[in-house]
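Take a look at the structure below.
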Amino acid sequence: MTNIERIEELKQEKNLPDEDFKLLLETITQNERDFLARQARMVREQEYGKDVYIRGLIEFTNICKNDCYYCGIRKSNDKAQRYRLTPDDILNCAREGYELGFRTFVLQGGEDGWFTGERLEEIIRSIKGEFPECAITLSVGERTKEDYKRWYQAGADRYLLRHETASENHYQSLHPPDMTLQNRKKCLFLLRDIGYQVGAGFMVGSPGQKVDNLVDDLRFLQELKPHMIGIGPYLSHPDTPFAGQPDGSYERTLVLLSVLRLLFPAVLLPATTALGTIAPDGREQGLLAGANVLMPNLSPKSVRKKYELYHDKICTGEESAQGKDSLNRRVESIGYHIAVSRGDSRIE
(Lines give C-alpha, C1' and ligand atoms only; values in the text may rest on other atoms or scores of the structure.)
Protein backbone atom coordinates (compact mmCIF):
# COMPACT_ATOMS: atom_id res chain seq x y z
CA MET A 1 0.00 0.00 0.00
CA THR A 2 1.33 3.47 -0.87
CA ASN A 3 1.08 6.48 1.43
CA ILE A 4 -1.51 8.05 -0.89
CA GLU A 5 -3.59 4.89 -0.49
CA ARG A 6 -3.10 5.01 3.27
CA ILE A 7 -4.29 8.61 3.37
CA GLU A 8 -7.36 7.78 1.29
CA GLU A 9 -8.17 4.81 3.51
CA LEU A 10 -7.72 6.95 6.61
CA LYS A 11 -10.14 9.51 5.19
CA GLN A 12 -12.69 6.82 4.30
CA GLU A 13 -12.41 4.49 7.29
CA LYS A 14 -11.31 6.97 10.02
CA ASN A 15 -8.62 4.44 10.96
CA LEU A 16 -5.52 2.51 9.87
CA PRO A 17 -3.67 -0.50 11.28
CA ASP A 18 -0.77 0.38 13.60
CA GLU A 19 1.84 -0.59 11.02
CA ASP A 20 0.29 1.68 8.39
CA PHE A 21 0.22 4.63 10.80
CA LYS A 22 3.92 4.01 11.51
CA LEU A 23 4.85 3.75 7.84
CA LEU A 24 2.89 6.89 7.01
CA LEU A 25 4.66 8.90 9.74
CA GLU A 26 8.11 7.51 8.93
CA THR A 27 8.10 7.66 5.12
CA ILE A 28 5.75 10.47 4.06
CA THR A 29 7.20 12.76 1.37
CA GLN A 30 6.55 16.47 0.78
CA ASN A 31 4.10 15.73 -2.07
CA GLU A 32 2.27 13.24 0.14
CA ARG A 33 2.18 15.78 2.99
CA ASP A 34 0.56 18.28 0.64
CA PHE A 35 -2.01 15.68 -0.43
CA LEU A 36 -2.72 14.79 3.21
CA ALA A 37 -3.20 18.46 4.14
CA ARG A 38 -5.64 18.94 1.23
CA GLN A 39 -7.71 15.97 2.40
CA ALA A 40 -7.71 17.31 5.97
CA ARG A 41 -8.83 20.76 4.79
CA MET A 42 -11.67 19.18 2.84
CA VAL A 43 -12.92 17.32 5.92
CA ARG A 44 -12.48 20.36 8.18
CA GLU A 45 -14.50 22.53 5.77
CA GLN A 46 -17.25 19.92 5.54
CA GLU A 47 -17.58 20.09 9.34
CA TYR A 48 -16.87 23.73 10.16
CA GLY A 49 -16.76 25.62 6.87
CA LYS A 50 -14.22 28.45 6.73
CA ASP A 51 -14.69 29.48 10.37
CA VAL A 52 -11.70 29.75 12.69
CA TYR A 53 -12.67 29.87 16.36
CA ILE A 54 -10.69 32.04 18.74
CA ARG A 55 -10.21 31.56 22.47
CA GLY A 56 -8.94 34.27 24.80
CA LEU A 57 -6.12 32.69 26.81
CA ILE A 58 -5.68 33.94 30.38
CA GLU A 59 -2.48 32.49 31.89
CA PHE A 60 -3.31 33.40 35.46
CA THR A 61 -0.49 31.78 37.45
CA ASN A 62 2.91 30.28 36.68
CA ILE A 63 3.28 28.78 40.16
CA CYS A 64 3.15 24.99 40.00
CA LYS A 65 3.61 22.17 42.51
CA ASN A 66 4.70 19.76 39.77
CA ASP A 67 8.23 19.14 38.55
CA CYS A 68 7.72 17.88 34.98
CA TYR A 69 11.16 17.52 33.43
CA TYR A 70 10.30 19.39 30.20
CA CYS A 71 8.46 22.40 31.63
CA GLY A 72 9.86 25.89 32.20
CA ILE A 73 7.52 26.61 35.13
CA ARG A 74 8.38 23.37 37.00
CA LYS A 75 8.68 23.96 40.73
CA SER A 76 12.44 23.36 40.76
CA ASN A 77 13.17 26.13 38.26
CA ASP A 78 14.38 28.89 40.58
CA LYS A 79 15.07 31.16 37.60
CA ALA A 80 11.37 31.47 36.75
CA GLN A 81 9.85 34.84 37.67
CA ARG A 82 6.72 33.75 39.50
CA TYR A 83 3.40 35.58 39.40
CA ARG A 84 -0.24 35.07 40.31
CA LEU A 85 -3.11 37.18 38.99
CA THR A 86 -5.84 38.24 41.39
CA PRO A 87 -9.49 37.31 40.78
CA ASP A 88 -10.10 40.94 39.78
CA ASP A 89 -7.19 40.78 37.30
CA ILE A 90 -8.71 37.67 35.72
CA LEU A 91 -12.15 39.24 35.44
CA ASN A 92 -10.65 42.36 33.85
CA CYS A 93 -8.89 40.18 31.26
CA ALA A 94 -12.25 38.62 30.40
CA ARG A 95 -13.85 42.07 30.13
CA GLU A 96 -11.18 43.22 27.72
CA GLY A 97 -11.54 40.00 25.75
CA TYR A 98 -15.29 40.38 25.46
CA GLU A 99 -14.85 43.87 24.03
CA LEU A 100 -12.38 42.46 21.50
CA GLY A 101 -14.91 39.86 20.32
CA PHE A 102 -13.94 36.77 22.31
CA ARG A 103 -16.71 34.42 23.40
CA THR A 104 -14.55 31.75 24.99
CA PHE A 105 -12.08 32.34 27.81
CA VAL A 106 -9.39 29.78 28.67
CA LEU A 107 -8.19 29.96 32.28
CA GLN A 108 -4.81 28.24 32.23
CA GLY A 109 -2.28 27.96 34.99
CA GLY A 110 0.18 25.82 36.86
CA GLU A 111 -1.12 23.63 39.66
CA ASP A 112 -1.07 26.48 42.17
CA GLY A 113 -2.50 25.58 45.58
CA TRP A 114 -3.62 29.16 46.27
CA PHE A 115 -6.38 28.63 43.71
CA THR A 116 -8.50 26.28 45.77
CA GLY A 117 -11.68 24.70 44.45
CA GLU A 118 -13.69 27.43 46.16
CA ARG A 119 -11.60 30.32 44.83
CA LEU A 120 -11.76 29.06 41.26
CA GLU A 121 -15.49 28.49 41.64
CA GLU A 122 -15.94 32.15 42.60
CA ILE A 123 -13.90 33.27 39.59
CA ILE A 124 -15.95 31.09 37.23
CA ARG A 125 -19.21 32.42 38.70
CA SER A 126 -18.04 36.03 38.37
CA ILE A 127 -17.15 35.60 34.67
CA LYS A 128 -20.35 33.68 33.91
CA GLY A 129 -22.41 36.21 35.82
CA GLU A 130 -21.10 39.02 33.64
CA PHE A 131 -20.87 37.08 30.35
CA PRO A 132 -23.43 34.25 30.51
CA GLU A 133 -23.29 33.61 26.76
CA CYS A 134 -19.55 32.92 26.83
CA ALA A 135 -17.82 29.58 27.32
CA ILE A 136 -15.21 29.01 30.01
CA THR A 137 -12.42 26.50 29.46
CA LEU A 138 -10.25 25.43 32.38
CA SER A 139 -6.69 24.12 32.11
CA VAL A 140 -5.44 23.70 35.67
CA GLY A 141 -4.23 20.11 35.74
CA GLU A 142 -5.08 17.12 37.88
CA ARG A 143 -7.61 17.96 40.60
CA THR A 144 -10.19 16.07 42.64
CA LYS A 145 -13.54 14.84 41.40
CA GLU A 146 -15.17 17.28 43.84
CA ASP A 147 -13.33 20.25 42.33
CA TYR A 148 -14.15 19.20 38.78
CA LYS A 149 -17.86 18.85 39.65
CA ARG A 150 -17.89 22.12 41.60
CA TRP A 151 -16.47 24.06 38.64
CA TYR A 152 -18.78 22.40 36.13
CA GLN A 153 -21.81 23.28 38.27
CA ALA A 154 -20.48 26.86 38.56
CA GLY A 155 -20.53 27.21 34.77
CA ALA A 156 -17.25 25.88 33.36
CA ASP A 157 -17.89 24.31 29.96
CA ARG A 158 -14.63 22.76 28.82
CA TYR A 159 -11.46 21.32 30.29
CA LEU A 160 -8.04 20.96 28.68
CA LEU A 161 -5.69 18.34 30.12
CA ARG A 162 -2.98 17.17 27.75
CA HIS A 163 -2.02 13.58 28.42
CA GLU A 164 1.44 14.43 26.89
CA THR A 165 2.16 10.79 26.00
CA ALA A 166 -0.01 7.68 26.26
CA SER A 167 2.96 5.29 26.67
CA GLU A 168 3.65 4.31 30.29
CA ASN A 169 7.46 4.13 30.10
CA HIS A 170 7.69 7.31 28.07
CA TYR A 171 5.40 9.14 30.52
CA GLN A 172 7.63 8.06 33.43
CA SER A 173 10.72 9.36 31.62
CA LEU A 174 9.14 12.85 31.30
CA HIS A 175 7.70 13.18 34.83
CA PRO A 176 8.77 12.71 38.45
CA PRO A 177 7.63 9.52 40.25
CA ASP A 178 4.71 11.21 42.02
CA MET A 179 2.95 11.77 38.67
CA THR A 180 1.36 8.83 36.86
CA LEU A 181 -0.18 8.28 33.46
CA GLN A 182 -2.89 6.24 35.16
CA ASN A 183 -4.07 9.25 37.17
CA ARG A 184 -3.85 11.57 34.15
CA LYS A 185 -6.09 9.23 32.14
CA LYS A 186 -8.44 8.78 35.09
CA CYS A 187 -8.91 12.56 35.28
CA LEU A 188 -9.69 12.79 31.55
CA PHE A 189 -12.39 10.11 31.66
CA LEU A 190 -13.81 11.63 34.85
CA LEU A 191 -14.07 15.06 33.21
CA ARG A 192 -15.90 13.54 30.26
CA ASP A 193 -18.31 11.69 32.56
CA ILE A 194 -19.10 14.90 34.47
CA GLY A 195 -20.14 16.57 31.22
CA TYR A 196 -17.26 18.78 30.18
CA GLN A 197 -16.18 19.18 26.59
CA VAL A 198 -12.78 17.56 27.09
CA GLY A 199 -9.45 18.29 25.44
CA ALA A 200 -6.40 16.01 25.52
CA GLY A 201 -3.19 16.15 23.50
CA PHE A 202 0.49 15.38 23.27
CA MET A 203 3.91 16.81 22.50
CA VAL A 204 5.48 15.92 19.15
CA GLY A 205 9.15 15.02 19.41
CA SER A 206 9.53 15.04 23.19
CA PRO A 207 12.75 13.44 24.49
CA GLY A 208 12.75 9.67 24.00
CA GLN A 209 9.62 9.66 21.83
CA LYS A 210 9.37 6.88 19.22
CA VAL A 211 6.87 6.50 16.40
CA ASP A 212 5.30 3.66 18.42
CA ASN A 213 4.55 6.22 21.14
CA LEU A 214 2.70 8.41 18.64
CA VAL A 215 0.59 5.44 17.55
CA ASP A 216 -0.20 4.85 21.25
CA ASP A 217 -1.33 8.48 21.44
CA LEU A 218 -3.67 8.03 18.49
CA ARG A 219 -5.13 4.85 20.01
CA PHE A 220 -5.68 6.51 23.38
CA LEU A 221 -7.47 9.42 21.72
CA GLN A 222 -9.72 6.95 19.88
CA GLU A 223 -10.60 5.45 23.27
CA LEU A 224 -11.21 8.82 24.96
CA LYS A 225 -13.10 10.44 22.05
CA PRO A 226 -12.20 14.01 23.12
CA HIS A 227 -13.93 17.14 21.85
CA MET A 228 -10.60 18.96 21.49
CA ILE A 229 -7.05 17.80 20.77
CA GLY A 230 -4.07 20.07 21.37
CA ILE A 231 -0.71 19.08 19.91
CA GLY A 232 2.45 21.03 19.27
CA PRO A 233 6.14 20.45 18.73
CA TYR A 234 8.20 19.82 21.85
CA LEU A 235 10.30 22.94 22.46
CA SER A 236 13.24 22.72 24.83
CA HIS A 237 13.71 25.05 27.81
CA PRO A 238 17.24 25.82 29.08
CA ASP A 239 16.29 25.72 32.78
CA THR A 240 15.03 22.11 32.80
CA PRO A 241 16.70 18.68 32.91
CA PHE A 242 16.10 18.45 29.15
CA ALA A 243 18.07 21.60 28.32
CA GLY A 244 19.78 21.19 24.97
CA GLN A 245 17.50 18.41 23.75
CA PRO A 246 16.47 18.90 20.10
CA ASP A 247 13.09 20.49 19.42
CA GLY A 248 10.27 18.43 17.94
CA SER A 249 9.65 18.34 14.21
CA TYR A 250 7.55 21.12 12.72
CA GLU A 251 6.76 18.99 9.65
CA ARG A 252 5.71 15.96 11.69
CA THR A 253 3.45 18.17 13.81
CA LEU A 254 1.66 19.37 10.66
CA VAL A 255 1.31 15.77 9.43
CA LEU A 256 -0.20 14.73 12.75
CA LEU A 257 -2.65 17.66 12.70
CA SER A 258 -3.90 16.39 9.34
CA VAL A 259 -4.03 12.78 10.57
CA LEU A 260 -6.06 13.88 13.60
CA ARG A 261 -8.49 15.80 11.40
CA LEU A 262 -9.10 12.69 9.29
CA LEU A 263 -9.39 10.45 12.38
CA PHE A 264 -11.73 12.86 14.21
CA PRO A 265 -13.55 14.98 11.58
CA ALA A 266 -15.52 17.10 14.08
CA VAL A 267 -12.79 17.66 16.67
CA LEU A 268 -11.70 21.16 17.70
CA LEU A 269 -8.05 21.34 16.70
CA PRO A 270 -5.87 24.34 17.64
CA ALA A 271 -2.95 25.70 15.67
CA THR A 272 -0.88 26.28 18.79
CA THR A 273 1.46 29.03 19.96
CA ALA A 274 4.27 26.45 19.85
CA LEU A 275 3.72 26.13 16.09
CA GLY A 276 3.89 29.91 15.78
CA THR A 277 7.09 29.90 17.85
CA ILE A 278 8.90 27.28 15.78
CA ALA A 279 7.99 28.91 12.41
CA PRO A 280 6.84 32.47 11.55
CA ASP A 281 3.81 31.20 9.62
CA GLY A 282 3.36 28.11 11.80
CA ARG A 283 -0.22 28.82 12.79
CA GLU A 284 -1.31 29.56 9.23
CA GLN A 285 0.27 26.27 8.15
CA GLY A 286 -1.52 24.58 11.04
CA LEU A 287 -4.85 25.90 9.78
CA LEU A 288 -3.98 24.71 6.28
CA ALA A 289 -3.21 21.27 7.75
CA GLY A 290 -6.73 20.96 9.22
CA ALA A 291 -6.73 23.00 12.45
CA ASN A 292 -9.65 25.35 13.20
CA VAL A 293 -8.85 27.07 16.52
CA LEU A 294 -6.47 29.87 17.56
CA MET A 295 -5.78 30.95 21.15
CA PRO A 296 -4.53 34.55 21.35
CA ASN A 297 -3.24 35.75 24.70
CA LEU A 298 -5.45 37.90 26.95
CA SER A 299 -3.05 37.86 29.90
CA PRO A 300 -1.66 41.22 31.06
CA LYS A 301 1.38 42.12 28.94
CA SER A 302 3.52 42.32 32.06
CA VAL A 303 3.26 38.57 32.73
CA ARG A 304 3.13 37.01 29.24
CA LYS A 305 6.85 36.35 29.02
CA LYS A 306 6.84 34.80 32.49
CA TYR A 307 4.49 31.98 31.49
CA GLU A 308 7.34 30.29 29.66
CA LEU A 309 6.63 26.58 29.36
CA TYR A 310 9.31 26.45 26.65
CA HIS A 311 12.04 28.83 25.51
CA ASP A 312 11.42 31.90 23.33
CA LYS A 313 7.64 31.64 23.42
CA ILE A 314 6.12 34.40 21.28
CA CYS A 315 4.46 36.86 23.62
CA THR A 316 3.96 40.18 21.84
CA GLY A 317 2.18 41.26 18.69
CA GLU A 318 -0.16 39.13 16.63
CA GLU A 319 -0.36 36.19 19.02
CA SER A 320 -1.92 38.55 21.58
CA ALA A 321 -5.61 39.30 21.79
CA GLN A 322 -4.92 42.96 21.11
CA GLY A 323 -3.39 41.93 17.77
CA LYS A 324 -6.67 40.35 16.66
CA ASP A 325 -7.15 42.60 13.61
CA SER A 326 -3.71 41.70 12.33
CA LEU A 327 -4.33 38.04 13.10
CA ASN A 328 -7.62 38.23 11.23
CA ARG A 329 -5.83 39.56 8.16
CA ARG A 330 -3.40 36.67 8.28
CA VAL A 331 -6.24 34.17 8.63
CA GLU A 332 -8.12 35.77 5.72
CA SER A 333 -4.96 35.65 3.59
CA ILE A 334 -5.23 31.84 3.54
CA GLY A 335 -8.96 31.78 2.82
CA TYR A 336 -10.48 31.52 6.31
CA HIS A 337 -12.13 33.98 8.69
CA ILE A 338 -12.40 34.44 12.43
CA ALA A 339 -15.85 33.69 13.83
CA VAL A 340 -17.25 35.64 16.79
CA SER A 341 -18.88 32.72 18.60
CA ARG A 342 -18.35 30.20 21.39
CA GLY A 343 -17.23 27.69 18.76
CA ASP A 344 -18.53 24.56 20.47
CA SER A 345 -17.46 21.10 19.41
CA ARG A 346 -19.87 19.05 17.30
CA ILE A 347 -18.86 15.86 19.09
CA GLU A 348 -21.43 14.54 21.56
Side-chain angles (χ1 to χ4, degrees), residues 3-16 21 24-25 28-55 101-104 135 137 158 160 197-201 204 218 221-222 225-232 250-276 279 281-296 318 324-348:
N3 279 336
I4 295 296
E5 289 170 331
R6 290 186 181 97
I7 292 164
E8 288 175 335
E9 181 173 331
L10 176 58
K11 185 181 177 186
Q12 259 329 101
E13 303 298 327
K14 314 290 184 290
N15 206 0
L16 283 175
F21 271 133
L24 181 62
L25 292 173
I28 191 165
T29 66
Q30 182 60 59
N31 285 341
E32 291 163 349
R33 286 203 296 266
D34 292 343
F35 177 75
L36 173 62
R38 286 196 300 274
Q39 302 310 304
R41 284 199 298 277
M42 244 185 280
V43 170
R44 169 245 198 277
E45 289 170 21
Q46 286 166 5
E47 292 289 337
Y48 291 104
K50 301 282 189 178
D51 286 351
V52 173
Y53 300 128
I54 54 171
R55 282 68 166 101
F102 289 83
R103 296 299 179 264
T104 288
T137 302
R158 308 176 186 139
L160 303 178
Q197 293 179 38
V198 173
V204 180
L218 298 177
L221 291 169
Q222 286 178 308
K225 300 180 176 62
H227 306 83
M228 306 167 279
I229 299 172
I231 71 168
Y250 170 62
E251 292 79 11
R252 179 166 280 180
T253 304
L254 294 176
V255 166
L256 282 160
L257 280 172
S258 297
V259 165
L260 288 168
R261 175 58 67 198
L262 297 185
L263 263 181
F264 306 97
V267 80
L268 292 167
L269 197 59
T272 61
T273 304
L275 264 180
D281 64 342
R283 279 168 303 175
E284 289 95 322
Q285 294 306 313
L287 294 174
L288 290 170
N292 66 327
V293 173
L294 294 171
M295 297 173 64
E318 288 165 346
K324 181 166 157 280
D325 289 343
S326 178
L327 190 65
N328 196 33
R329 287 193 294 275
R330 292 178 69 163
V331 169
E332 288 180 347
S333 75
I334 57 170
Y336 294 109
H337 57 82
I338 290 175
V340 178
S341 75
R342 284 170 46 115
D344 286 302
S345 170
R346 301 187 180 198
I347 295 173
E348 291 300 320

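Between Leu262 and Leu36, some side-chain heavy-atom pair lies under the 4.5 Å cut-off. With a 4.5 Å cut-off on side-chain heavy atoms, Leu275 and Gln285 do not count as touching. Put simply, the side chain of Asp51 reaches to within 4.5 Å of the side chain of His337, judged on heavy atoms. Taking the side chain as every heavy atom from C-beta outward, Leu263 and Leu221 never approach each other to under 4.5 Å. The shortest distance between side-chain heavy atoms of Arg329 and Ser326 falls below 4.5 Å. Annotation: side chain of Phe21 is not in contact with side chain of Arg6 (no heavy-atom distance under 4.5 Å). You'll find the side chain of Met295 stays beyond 4.5 Å of the side chain of Thr273, heavy atoms only. Side chains of Leu269 and Leu257 form a contact here, defined as non-hydrogen atoms less than 4.5 Å apart.
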| Verdict with reasoning, Leu218 to Leu260, per side chain to side chain contact (heavy atoms under 4.5 Å, CB included) | CA-CA 8 Å; Leu218 298 177; Leu260 288 168; 3.7 Å; yes
| query | Can you list the steps and then say if Asp34 with Gln30 is a side chain to side chain contact (heavy atoms under 4.5 Å, CB included)? | reply | CA-CA 6 Å; Asp34 292 343; Gln30 182 60 59; 2.9 Å; yes
| task | Carefully, step by step, assess Asn15 and Gln222 under the rule side chain to side chain contact (heavy atoms under 4.5 Å, CB included). | result | CA-CA 9 Å; Asn15 206 0; Gln222 286 178 308; 3.2 Å; yes
| request: Could you walk me through whether Leu288 and Leu254 pass side chain to side chain contact (heavy atoms under 4.5 Å, CB included), step by step? | output: CA-CA 9 Å; Leu288 290 170; Leu254 294 176; over 6 Å; no
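No side-chain donor-acceptor contact under 3.5 Å links Arg41 to the backbone of Ala289. Between the side chain of Arg261 and the backbone N or O of Ala291, no donor-acceptor pair lies under 3.5 Å. Between the side chain of Arg55 and the main chain of Arg342, a donor-acceptor pair closer than 3.5 Å is present.
Remark: Arg158 engages Asp344 in a salt bridge (Lys or Arg N to Asp or Glu O under 4.0 Å) (not counting sequence neighbours).
Atom CZ of Arg283 sits about 6.0 Å away from atom CZ of Arg330, to the nearest 0.5 Å. Atom CD of Gln197 is separated from atom CG of Leu160 by 10.5 Å, given to the nearest 0.5 angstrom. Rounding to the nearest 0.5 Å gives a distance of 11.5 Å between NZ of Lys14 and CD of Glu9.
Tyr250 and Asp281 get closest at one heavy-atom pair: OH-OD1, 3.8 Å. Minimum interatomic distance between Thr253 and Ile231 (heavy atoms only, all atoms of both residues): O-CD1, 3.8 Å. Taking both residues in full, the closest heavy atoms of Pro226 and Val198 are given as CB-O, 3.5 Å, listed atom of the first, atom of the second, then distance. The two residues Pro270 and Gly230 come nearest to each other via the heavy atoms CD-CA, 4.2 Å. For Ile4 against Glu32, the heavy-atom pair with the smallest separation is CD1-CG, 4.0 Å. The two residues Gly290 and Ala40 come nearest to each other via the heavy atoms CA-CB, 4.2 Å.
Surrounding CD of Gln12 are at most 12 heavy atoms belonging to other residues, nucleotides or ligands under 6.0 Å away.
With 3.5 Å as the limit, one finds a donor-acceptor pair spanning the side chains of Tyr336 and Glu45. In the model, Asn292 has no side-chain atom that pairs as donor or acceptor with a side-chain atom of Glu47 under 3.5 Å.
When each of Leu294, Ile338, Leu268 is checked for a side-chain contact (heavy atoms from CB on, under 4.5 Å) with Tyr53, only Leu268 meets the rule.
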